[in-house]
Structures are given as structure tokens and as C-alpha cells.
Amino acid sequence: SKNHHKLFLLVKYDSMVCKLISSFLIIFVLLLSACRVMLIGSYDPVMDNGIQQVQQQVATLLVKINKNLLSRQFADNTYLKFKDEYADIEGKLETLELRSRALPKYKVVTDQLVPFDSTIRKMERFHQLGFEMTDTGSLRIMSETIEFDFKQMIILQQALKNRSKNNLK
């Protein structure tokens, strides 16, 4: 009977420990699920506006080059006439990259900006070599690549903006 009583107390103790551990795990899981894991930082309006400015500058640059090609204004399409525009775009991209590296959890944005910067530098190198009248196809390919890159950046910025608005509600 004493052994049964000890066994009963041991089972009761084990049962209480199991209930306590189960309760703790349930509370832990509930707390963990209430916490949001953020893989990217908060919306940054300066970053968003900077990306939009660069997008506008690059679009304007491409339109000018294309119009000059189509109108056969090859003298107006020399690299030297666009050199300052490239420097301005690259300076803004450098600033955006620096900002994205400084912001917490902005690696995804940095990972978008770095290859885009490389695309712009390749386009500049192509421009330095000189456009010919048949280069509208090459320009179209560059434009489509740039458009795709911007689309990805805009989608991400819009998602961050929407998440920011939802957090304010």
C-alpha cells in the first residue's frame, strides 16, 4: 500500500510536471505566434522617393537616347552629352545603396540596388562605345532589363508602405 501510495504520488507528480510543461509550451507557442518575424525593415520614404527619382532619371535618359537614334541625331547621342546624367544617376544609386546598408534588415533592398547599379554602369559602358543606328534593339533590351529591375523595387517598396499603413491601424 505504501508502494502504491508512492507510485500514485510519483505518477501524480509526473502528471503535474507534464501539465506544467505542456502549459508552458502552449504559452510559449502562443507568445511566439503573437510575435511577428520581420525579415525586412520598415518602410523608408526616403528610400522609396530616391528609387522613384532614379527611375524617372533613367527613363528620361533612355527616352532621349532612343529619340536621338530614331531621328538619326547621332551627334546628340555621344556619351559626352550624357556623361553628367550618368554621374548623377550613379551618385544617387550610391547614396541609396549606402542608406540601405545602414538601415536595419534592408539587405533585400541592397540586393536589388547593387545589380541595378551594375546594369546602369554596363549601359554607360555601352554608351561610351557609341550607339549606331541599329542599336535600338540593344537599347530596347537594356530598357526591358531596367524596367524589370525597377518593377521589383517598386513592388517591394509598395509592400513595405502597405505594411506600414496596416501597422498604424
Side-chain angles (χ1 to χ4, degrees), residues 21-70 76-129 131 135-169:
I21 290 173
S22 296
S23 297
F24 175 75
L25 286 174
I26 289 171
I27 291 170
F28 180 73
V29 168
L30 288 173
L31 287 173
L32 190 62
S33 66
C35 297
R36 197 170 354 150
V37 177
M38 293 180 56
L39 301 175
I40 187 165
S42 300
Y43 171 69
D44 180 35
V46 173
M47 182 67 68
D48 189 16
N49 290 334
I51 290 170
Q52 290 177 40
Q53 286 176 8
V54 170
Q55 179 186 17
Q56 189 270 328
Q57 282 186 280
V58 171
T60 301
L61 177 79
L62 290 168
V63 166
K64 285 180 185 177
I65 293 169
N66 195 46
K67 281 188 171 193
N68 290 339
L69 287 173
L70 293 174
D76 292 339
N77 240 5
T78 63
Y79 170 73
L80 289 177
K81 296 206 179 214
F82 291 87
K83 185 178 177 183
D84 291 339
E85 290 178 59
Y86 280 108
D88 191 42
I89 290 167
E90 290 167 8
K92 286 182 179 165
L93 282 171
E94 191 71 30
T95 301
L96 290 171
E97 287 175 40
L98 180 64
R99 184 173 184 84
S100 71
R101 285 187 183 102
L103 292 171
K105 297 183 181 179
Y106 253 65
K107 183 177 178 348
V108 174
V109 176
T110 305
D111 289 348
Q112 288 180 328
L113 289 168
V114 170
F116 180 73
D117 185 37
S118 175
T119 299
I120 294 299
R121 290 178 192 276
K122 287 174 187 168
M123 186 176 102
E124 181 181 22
R125 181 68 185 128
F126 184 70
H127 199 161
Q128 287 170 340
L129 297 173
F131 288 104
D135 284 337
T136 55
S138 299
L139 188 63
R140 183 179 45 75
I141 291 169
M142 281 187 282
S143 295
E144 288 171 0
T145 302
I146 288 167
E147 182 181 326
F148 177 80
D149 289 345
F150 272 125
K151 186 176 182 180
Q152 300 309 307
M153 287 187 266
I154 290 166
I155 289 169
L156 178 59
Q157 291 302 311
Q158 192 61 43
L160 290 172
K161 187 186 293 184
N162 290 341
R163 186 180 76 186
S164 176
K165 286 179 184 176
N166 290 336
N167 286 344
L168 294 176
K169 292 180 181 180

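Counting only heavy atoms from C-beta outward, the side chains of K122 and R125 never approach each other to under 4.5 Å. Two residues are said to be in side-chain contact when any heavy atoms from C-beta on lie closer than 4.5 Å; M123 and L61 meet this criterion. Contact annotation: the side chain of N66 never approaches that of R140 to less than 4.5 Å [non-hydrogen atoms, C-beta and beyond]. Looking only at side-chain heavy atoms (C-beta outward), N162 and Y43 stay at 4.5 Å or farther from each other. Contact of the E147 side chain with the S143 side chain is not registered, since no non-hydrogen atoms from C-beta on lie closer than 4.5 Å. The side-chain heavy atoms of Q55 and I154, taken from C-beta on, include a pair separated by under 4.5 Å.
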For the pair F150 and V54, evaluate side chain to side chain contact (heavy atoms under 4.5 Å, CB included) and give the outcome as yes or no after the intermediate values.
CA-CA 9 Å; F150 272 125; V54 170; 3.9 Å; yes

Could you go through M142 and I65, starting from their C-alpha distance and side-chain angles, then the distance that decides it, and tell me whether this counts as side chain to side chain contact (heavy atoms under 4.5 Å, CB included)?
CA-CA 12 Å; M142 281 187 282; I65 293 169; over 6 Å; no

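Minimum heavy-atom separation, L96 to V46: CD2-O, 4.5 Å. Y106 and L160 get closest at one heavy-atom pair: OH-CD1, 3.6 Å.
Shown here are the salt bridge (charged side-chain N to carboxylate O under 4.0 Å, His left out) partners of K81, two or more places apart in sequence or in another chain: D76. With sequence neighbours excluded, the residues forming a ring pair (Phe, Tyr, Trp, His ring centres under 6.0 Å) with F82 are H127, listed by chain and number. Residues that satisfy the salt bridge (charged side-chain N to carboxylate O under 4.0 Å, His left out) test with K151, not counting sequence neighbours, are absent from this structure. In terms of the salt bridge (charged side-chain N to carboxylate O under 4.0 Å, His left out) criterion, K83 has no residue partners (sequence neighbours excluded). Here K107 pairs with D111 under the salt bridge (charged side-chain N to carboxylate O under 4.0 Å, His left out) rule; sequence neighbours left out.
Between the OH atom of Y79 and the CG atom of L129 there is a distance of 11.0 Å, given to the nearest 0.5 Å. Atom NZ of K67 and atom CG of L70 lie 9.5 Å apart (nearest 0.5 Å). Interatomic distance, CZ of R163 versus OG of S42, reported as 5.5 Å (0.5 Å rounding).
Without hydrogens or angle criteria, T119 side chain to P115 main chain gives a donor-acceptor distance under 3.5 Å. With D88 contributing its side chain and D84 its backbone, the two residues share no donor-acceptor pair below 3.5 Å. Proximity of a side-chain donor or acceptor of Q112 to a complementary backbone N or O of Q152 within less than 3.5 Å is detected.
The only member of I89, L93, D149 that meets side chain to side chain contact (heavy atoms under 4.5 Å, CB included) when paired with V58 is I89.
In this model, a donor atom of one side chain and an acceptor atom of the other lie less than 3.5 Å apart for Q56 and T60. Residues D48 and Q52 have side chains that bring a donor and an acceptor to within less than 3.5 angstrom of each other.
Here side-chain hydrogen bond (donor to acceptor under 3.5 Å, both in side chains) pairs that include residues 90-101, with residues two or more places apart or in two chains, are D44-R99, Q57-K92, E90-R121, S100-T110.
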